[in-house]
Amino acid sequence: MPCRIVLLGGPGAGKGTQARRLARSQGWPHVSTGDIFRAHVESRTELGTRIAPYMNSGQLLPDELACEIVAGRLSEPDCADGYILDGFPRSLPQAMGLDALLEARGERIDFAVNIKVPDDEIVQRLTERRICPECGKIYNLRLRPPVEAGICDDDGVALVQREDDNEETARDRLRVYHVTTEPVVKFFEIRGLLRSVDGSGKPPDDVTKKIEEIIRARNGG
Ligand code: AMP
């Protein structure tokens with residue numbers, strides 16, 4: 001049964017980690033607008049050069065651009081049977097844009113999962129986050145360190161820190177989250193599509209289990 005899920009939560013709440021795990025266990029594509037935009041910045045495409053200053057300072061890109069990128073990605077064949085949206089929608093205009101896009105295709109979001117983590121924990125998690133540039137695996141220096149310091153467990157590549165994961169930008173991103181993105185939680189709540197999980201101080205496995213329970217409940221089992 002096709003399943004279209006939105007993962008909500010502040011920066012560093014664990015959306016990327018959970019989306020990667022669900023993509024693996026459920027076989028649905030992981031659609032992360034942040035990953036798509038970062039790939040443009042890293043390959044220095046024309047779009048990448050234009051958006052890098054926004055991303056490095058923790059500001060959101062224009063809504064029309066985010067909607068356009070998502071519309072293109074969701075029309076690829078691998079998204080026909082569902083997907084996990086991570087990092088989109090991030091504003092009310094984006095949520096409405098997604099609604100309109102899906103309505104035109106006769107589709108709908110099944111539910112949105114909000115991963116709740118307090119602000120202080122978020123800033124700590126973001127500054128301690130390291131990523132494998134090769135496979136995208138996400139580590140935390142304190143809570144989920146690699147076996148060998150600074151090296152990805154899976155492919156032996158040196159881990160990197162995202163440019164926007166410094167404390168100052170982390171706080172800016174959190175502010176943007178509260179002002180612009182938090183209303184999206186309400187948007188899904190009003191439609192009866194919101195599910196919440198506590199992501200604070202929990203190992204990622206516990207959060208994954210909770211989300212899988214929500215998926216099972218939706219599938220009637
Ligand atoms: P993320 O990897 O989801 O934390 O996103 C990293 C950065 O990409 C954000 O701080 C924004 O600059 C940009 N970005 C990602 N998704 C969106 C979106 N839906 N709307 C606007 N900007 C976005």
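For reference, positions follow the sequence shown, starting with 1. Both ligands and their constituent atoms are indexed starting at 1 by order of listing.
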Going by distance alone, is a donor N or O of one side chain under 3.5 Å from an acceptor N or O of the other, for Thr169 and Asn166?
yes
Do any nitrogen or oxygen atoms of ligand 1 lie under 3.5 Å from a protein nitrogen or oxygen, and which ones?
residue  : atom   : partner : partner atom : Å
ligand 1 : 2 (O)  : Arg38   : NH1          : 3.0
ligand 1 : 2 (O)  : Arg38   : NH2          : 2.9
ligand 1 : 2 (O)  : Arg162  : NH1          : 3.1
ligand 1 : 2 (O)  : Arg162  : NH2          : 3.4
ligand 1 : 3 (O)  : Arg90   : NH1          : 3.0
ligand 1 : 3 (O)  : Arg90   : NH2          : 3.2
ligand 1 : 4 (O)  : Arg90   : NH2          : 3.2
ligand 1 : 4 (O)  : Arg162  : NH2          : 3.0
ligand 1 : 5 (O)  : Arg90   : NH2          : 3.4
ligand 1 : 12 (O) : Gln59   : O            : 2.6
ligand 1 : 16 (N) : Thr33   : OG1          : 2.8
ligand 1 : 16 (N) : Gly87   : O            : 3.4
ligand 1 : 16 (N) : Arg90   : NH1          : 3.1
ligand 1 : 19 (N) : Gly87   : O            : 2.9
ligand 1 : 19 (N) : Gln94   : OE1          : 3.0
ligand 1 : 20 (N) : Gln94   : NE2          : 2.9
ligand 1 : 22 (N) : Leu61   : N            : 3.0

side-chain hydrogen bond (donor to acceptor under 3.5 Å, both in side chains) pairs touching residues 76-94, sequence neighbours excluded, are His30-Asp86, Asp63-Ser91, Asp63-Gln94, Arg73-Glu76, Arg73-Asp78
* Would you find a donor on one side and an acceptor on the other, under 3.5 Å apart, between the side chain of Arg191 and the backbone of Phe187? -> yes
For Glu121, the side-chain hydrogen bond (donor to acceptor under 3.5 Å, both in side chains) test, sequence neighbours excluded, returns Arg125, Ser200
Closest heavy-atom pair, Leu193 versus Ile109, reported as atoms and distance to 0.1 Å, is CD1-O, 3.9 Å
Grouping ILVMFWY residues whenever side-chain heavy atoms fall under 4.5 Å, the cluster of Ile131 otherwise contains Ile138
